[in-house]
Structures are given as structure tokens and as C-alpha cells.
Novice: 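Questions regarding the structure given below will be posed in turn.
The shown structure was predicted, so the numbers you read here are calculated from the model rather than taken from an experiment.
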Amino acid sequence: MAKKKPIAIVVHGGAGPDSEHIHKNKKGYEEGLREAVDTGYKILEEGGSAVDAVEAAVKKLEDNPLFNAGRGSALNANGEVEMDAAIMRGSDQSSGAVALIRNIRNPISLAKAVMMNTKYRFLGDMGALEYAKQLDIRLEPSSYFITEHQYDAFSKKREEEFTSSDRIGMDQLNARMHGTVGAVALDQEGMVAAATSTGGTENKKMGRIGDSCIIGVGCYANNKTCAISGTGDGELLMKNIIAYDISALMEYKGLTLQKACETVVLERTHKQEGDVGVIGVDAAGHIAMVFNSDRMHRGWKTNSRQQGIEIYDKK
Ligand code: ASP
């Protein structure tokens, strides 16, 4: 009998500190992760591409108001939503990214359109919106994206800012509420892909762009090595070029996916500098989920009987 070709999908819903909100909504988070995993896995099982699988999984999480991407995005310091997203295909290193976008229901689909249909790799702000309007990409009014939870978090920070005796600086006000989403997958053709989408950090300065949409940082895919989606403190991920560093350790040093993720996230990045989490898959179907924070929402499924949903560290 011919050996079964490996397929695998891993998704994340952000790495960061624990919170009351997470405990209260644990079931909802788990259901959301499961739905994303199942959606992507079905595509892979039916012979679909890794790119389509990661897009579909991320769309589910963008539509779910519990996660900080699409609907439910964190608000910036002006109380508005500005989203970033990127997608990358491991077979030829094609990629598409969008930054500072508003009113796009599924930023990941716009990133995919940039990858598939344009000669560019990165569109930002109004130009990205203009482009979306030319395509069949669904738009929503600004109110669609703002959930009660994010509005309360925004108001609370505002309140703190105005009442604090020693006026908290913008940096300290910066978000600790990571909920960025991402997916990595391996399809039956042996192709890997990665996708990441976010509302960014809570109370971020208007115009701030995070790691999620930066190829090599919050998103990377290369059939020779792995596909990676990252989450955590964006500025720290950018400092350490997280996703590409993992791939480079595999390519140039021969590290396994798991070892490369651990080296970058647990050894090279210092916990005291901030939160970092990654999910990864390689062309042989190995998967990895490594984070230095209290929790990373994650879900996975492979055809070698690995399957699960977790939020906290098992240890
Ligand atoms: N990395 C994201 C950003 O900095 C936030 C997150 O992962 O929660 O925009």
C-alpha cells in the first residue's frame, strides 16, 4: 500500500498574559479554535492547497469576535480599528501583505489577493482599501469590528491614563491583550503555507504596524524548511526576525523544527523583554507550538493522529 502523504494544520489565537476574560470565555475560545482547525483540515483532506487551508482557518478566527483580528480587533489610541495581515506560500516564496487597513471583513483574503493577483507584495492603508473595492472582498462598517470587550478595554486604559498620578506613558499603556490569529499548513502536494492576521496591540499609536504582516517576522513559509506564524509583542518579534530565524536555523544548521522554535523563542528571546509565541509545520508533517508566555491559544490536527486544542502550558 502506498504510504499516506502527510497533511497537517496548526492554528493559534495569540500568545500573552492570562486574564479573567480568557477564563470566562474558555469554552468559546476552544470552540473557535476547533472550528478553524476543522475548516482548514477539511480542505487539506480533500486535496486542497495549504494556502487555501490557512486562509480559510484564519477567516474563521477573524470572524470570531473573541479573537483580536477582523471582528474583535483591538482598538488603537484613537478608538479605531487598524488591521494587519500576511500570507506566504512555501513553494515559491510568494507572499502578500496588508497593513493599517480598515473596514475589510477578512484582511487575510485581501493579503491573499495581493499575493495572487498583483505584482506587489505589500499594500497599506487607503490603497489597500481601494484595491479591495475593486475585488469581491467584503467590506463592513467600522462598528462591525468593535466588540464590547475591546471597547471596555479601551475605555479602561483611557481612564487609567487620565487618573494616574504619575501619568502612565504610552509605552506602558501599550497592549498586553494579545489575540492575534494565525495558521500554518502542509498539503498533500508537500507544500507549506503560513497566514497571520491581527488588530495589533491595544491602544497602539495610530499608524503603528506590527510584526504580523511582516514577512520573515510574524509570517514565513519555505518548503525547504517550514511555515511559521508568530504572535506576541510585535516590536520584540521584529527585533529578533523570529520566523525567518527559525527557518534559517533549520536550513543552515540542520536543526529540527521543534529545536529551531525552542532556540529562537526560549533561548534567543529573553522572557523579560516580552511575550513571543510561534506555531510551525515542516514538509514532513512535523508540527511545533512554542511560547514563552502564560498561554498561547492553539489547535492542531494531522493525519498521523495528532489532534488537540490547548490554551495553557501543559506542564
Ligand atoms: N504581534 C501582534 C502585534 O504586535 C500582537 C499579538 O500577537 O497579539 O501586532
Novice: To the nearest 0.5 angstrom, please state how far the SG atom of Cys261 sits from the CD1 atom of Ile228.
Specialist: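 It comes to 4.0 Å.
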
Novice: Kindly compute the distance separating CG (Asp245) from OG1 (Thr263), expressed to the nearest 0.5 Å.
Specialist: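 Going from the CG atom of Asp245 to the OG1 atom of Thr263 covers 9.0 Å.
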
Novice: Drop me the distance from Ser212's OG to Ile108's CD1, to the nearest 0.5 angstrom.
Specialist: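 Ser212 atom OG to Ile108 atom CD1 measures 9.5 Å (nearest 0.5 Å).
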
Novice: For Gly210, does its backbone N or O pair with a side-chain atom of Asp84 as donor and acceptor, under 3.5 Å?
Specialist: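 Yes; judged by distance alone, with no hydrogens or angles, the pair exists.
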
Novice: For Asp294 and Tyr312, indicate whether the former's side chain and the latter's backbone hold a donor-acceptor pair under 3.5 Å.
Specialist: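 Side chain of Asp294 to backbone of Tyr312, a donor-acceptor pair under 3.5 Å: no, none is there.
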
Novice: Determine whether a donor-acceptor pair (N or O, by modelled atom type, separation under 3.5 Å) exists between the side chain of Gln93 and the backbone of Gly90.
Specialist: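 Indeed, once roles are kept as given, a pair shorter than 3.5 Å links the two residues.
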
Novice: Measure the CD-CD distance between Gln188 and Glu45 for me, rounded to the nearest 0.5 Å.
Specialist: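 Gln188 CD to Glu45 CD: 8.5 Å, rounded to 0.5 Å.
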
Novice: What closest approach, in Å, do Ser95 and Arg121 show between heavy atoms, and which atom pair accounts for it?
Specialist: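 In terms of heavy atoms, the two residues are closest at OG-NH1, 2.9 Å.
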
Novice: What's the separation between atom CE in Met206 and atom CD in Glu80, rounded to the nearest 0.5 Å?
Specialist: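 Going from CE on Met206 over to CD on Glu80, the span is 5.5 Å.
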
Novice: Is there a path of hydrophobic side-chain contacts, each under 4.5 Å between heavy atoms, that joins Leu237 and Ile215?
Specialist: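 Linked within one cluster.
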
Novice: Look at Glu235 together with Lys204 and state whether they make a salt bridge at an N to O cut-off of under 4.0 Å.
Specialist: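 Judged by the 4.0 Å cut-off on N to carboxylate O distance, Glu235 and Lys204 do not form a salt bridge.
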
Novice: Would you please say whether a donor-acceptor pair under 3.5 Å links the side chains of His270 and Asn292?
Specialist: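 There is no such pair between these side chains.
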
Novice: Under the side-chain contact (heavy atoms from CB on, under 4.5 Å) rule, what do Ser197 and Met83 come out as? Steps first, then yes or no, please.
Specialist: CA-CA 8 Å; Ser197 180; Met83 300 170 287; 5.9 Å; no

Novice: Stepwise, does the ring pair (Phe, Tyr, Trp, His ring centres under 6.0 Å) test hold for Phe291 with His297?
Specialist: CA-CA 10 Å; Phe291 54 102; His297 291 66; 9.9 Å; no

Novice: If hydrophobic clusters are built by linking Ile, Leu, Val, Met, Phe, Trp and Tyr wherever their side-chain heavy atoms come under 4.5 Å apart, do Phe67 and Ile22 end up in the same one?
Specialist: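 Yes; Ile22 is reachable from Phe67 via cluster members.
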
Novice: How would you list, by chain and number, every residue that makes a side-chain hydrogen bond (donor to acceptor under 3.5 Å, both in side chains) with Arg34, sequence neighbours excluded?
Specialist: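 Residues passing side-chain hydrogen bond (donor to acceptor under 3.5 Å, both in side chains) with Arg34: none at all.
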
Novice: Among Arg102, Arg105, Arg71, which residue meets the salt bridge (Lys or Arg N to Asp or Glu O under 4.0 Å) test with Glu140?
Specialist: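 Passing option: Arg105.
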
Novice: Other residues, nucleotides and ligands only: do more than 12 of their heavy atoms fall within 6.0 Å of CD on Glu267?
Specialist: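 Enclosed: over 12 neighbouring heavy atoms sit under 6.0 Å from CD of Glu267.
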
Novice: Please walk me through it: do Ile101 and Asp125 pass side-chain contact (heavy atoms from CB on, under 4.5 Å)?
Specialist: CA-CA 5 Å; Ile101 56 165; Asp125 206 354; over 6 Å; no

Novice: Using side-chain heavy atoms (C-beta onward) and a distance below 4.5 Å, is Gln258 in contact with Val290?
Specialist: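 They are in side-chain contact.
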
Novice: Can you confirm whether Asn240 sits close enough to Val264 that some side-chain heavy atom of one is under 4.5 Å from a side-chain heavy atom of the other?
Specialist: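 Contact flag for Asn240/Val264 side chains = no.
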
Novice: Considering non-hydrogen atoms only, spot the tightest contact between Ala99 and Cys213 and give its length.
Specialist: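 Closest heavy-atom pair between Ala99 and Cys213: CB-SG, 4.1 Å.
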
Novice: Can you see which heavy atom on Gly234 is nearest to which on Arg208, and at what distance?
Specialist: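 Answer, listing the atom of Gly234 first, then Arg208: CA-NH2, 3.8 Å.
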
Novice: Considering only NZ, NE, NH1 and NH2 on the basic side and carboxylate oxygens on the acidic side, decide whether Lys26 and Glu30 come within less than 4.0 Å.
Specialist: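 Yes, Lys26 and Glu30 are salt-bridged.
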
Novice: Can you name the closest pair of heavy atoms from Ala74 and Gly200 and give their distance?
Specialist: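 The answer is CB-O, 3.7 Å.
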
Novice: Under a 3.5 Å distance rule, please check whether Ser229 uses its side chain to pair with a backbone N or O of Ile279 as donor and acceptor.
Specialist: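 Answer holds: no.
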
Novice: Do NZ/NE/NH1/NH2 and the carboxylate oxygens of Lys205 and Glu82 come within less than 4.0 Å?
Specialist: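 Between Glu82 and Lys205 there is no salt bridge, as every charged N stays at least 4.0 Å from the carboxylate O atoms.
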
Novice: In the structure I gave you, are the side-chain heavy atoms of Thr118 and Tyr131 within less than 4.5 Å of one another anywhere?
Specialist: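 Answer yes - side chains close enough.
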
Novice: Are the side chain of Thr196 and the backbone N or O of Gly218 linked by a donor-acceptor pair below 3.5 Å?
Specialist: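 Checked: pair present.
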
Novice: Tell me whether Asp211 contacts the main-chain N or O of Met238 through its side chain, where contact means a donor paired with an acceptor under 3.5 Å.
Specialist: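 Such a contact is absent between Asp211 side chain and Met238 backbone.
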
Novice: Any side-chain heavy-atom pair from Ile209 and Leu100 closer than 4.5 angstrom?
Specialist: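 The answer is yes, as the side chains (C-beta and beyond) meet within the 4.5 Å cut-off.
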
Novice: Please determine whether residues Leu266 and Leu255 belong to a single hydrophobic cluster, defined as Ile, Leu, Val, Met, Phe, Trp and Tyr linked transitively by side-chain heavy-atom distances below 4.5 Å.
Specialist: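 Yes, same cluster.
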
Novice: Could Lys42 and Glu46 be called an ion pair, given the rule that one side-chain N must be under 4.0 Å from one carboxylate O?
Specialist: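 Glu46 and Lys42: salt-bridged.
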
Novice: Please say yes or no: joined through hydrophobic side-chain contacts below 4.5 Å, possibly via intermediate residues, are Leu236 and Leu249 part of one cluster?
Specialist: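 Result: yes, single cluster for both.
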
Novice: Is a side-chain N or O of Lys60 found less than 3.5 angstrom from the main chain of Thr39, in a donor-acceptor match?
Specialist: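 It does not hold such a pair.
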
Novice: Evaluate Asn106 against Asp63 for side-chain contact (heavy atoms from CB on, under 4.5 Å), listing each step before the verdict.
Specialist: CA-CA 8 Å; Asn106 293 113; Asp63 289 345; 3.1 Å; yes

Novice: Can you find a pair of side-chain heavy atoms, one from Asn76 and one from Asn203, that are under 4.5 Å apart?
Specialist: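 The answer is no; the side chains never approach within 4.5 Å.
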
Novice: For Ala113 versus Leu135, what's the shortest heavy-atom pair and its separation?
Specialist: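 Scanning both residues, the minimum pair turns out to be CB-CD1, 3.6 Å.
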
Novice: About how many Å separate CG of Asn103 and CD1 of Ile137, when rounded to the nearest 0.5 Å?
Specialist: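 Here the rounded value is 13.0 Å.
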
Novice: Going by heavy atoms in the side chains, are Met289 and His12 under 4.5 Å from each other?
Specialist: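 No - every pair of side-chain heavy atoms lies 4.5 Å or more apart.
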
Novice: Is it the case that the side chain of Arg298 and the backbone of Ile311 share a donor-acceptor pair, with hydrogens and angles ignored and the cut-off at 3.5 Å?
Specialist: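 Looks like yes, one N/O pair under 3.5 Å.
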
Novice: Applying a strict under-4.5 Å side-chain criterion to I, L, V, M, F, W and Y, I'd like to know whether Val217 and Val192 cluster together.
Specialist: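 Different clusters: Val217 never reaches Val192 through Ile, Leu, Val, Met, Phe, Trp or Tyr contacts under 4.5 Å.
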
Novice: Locate the shortest heavy-atom distance separating Ala86 from Ala97; write the atom from each residue and the value.
Specialist: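 Closest approach of Ala86 to Ala97, heavy atoms only: CB-CB, 3.9 Å.
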
Novice: Under the criterion side-chain contact (heavy atoms from CB on, under 4.5 Å), I'd like the reasoning laid out for Val58 against Glu62: C-alpha separation, chi angles, the key distance, then a yes or no.
Specialist: CA-CA 6 Å; Val58 164; Glu62 286 176 339; 3.8 Å; yes

Novice: Is there side-chain contact between Tyr29 and His21, with at least one heavy-atom pair below 4.5 Å?
Specialist: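 Yes, their side chains come closer than 4.5 Å.
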
Novice: Are there over 12 heavy-atom neighbours, none belonging to Tyr144, within less than 6.0 Å of that residue's OH?
Specialist: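 More than 12 heavy atoms, drawn from other residues, nucleotides or ligands, come within 6.0 Å of this atom.
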
Novice: Please tell me if the side chains of Val51 and Ile87 come closer than 4.5 Å, counting only heavy atoms from C-beta onward.
Specialist: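 Of all side-chain heavy-atom pairs linking Ile87 with Val51, at least one is under 4.5 Å.
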
Novice: Once side-chain hydrogen bond (donor to acceptor under 3.5 Å, both in side chains) is applied, do any residues pair with Asp187, and if so which ones, sequence neighbours excluded?
Specialist: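 Per chain and number, Asp187 pairs via side-chain hydrogen bond (donor to acceptor under 3.5 Å, both in side chains) with no residue.
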
Novice: Looking only at the side chains, is there a donor atom on one of Ser73 and Gln150 sitting less than 3.5 Å from an acceptor on the other?
Specialist: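 Distance-only check fails for Ser73 and Gln150.
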
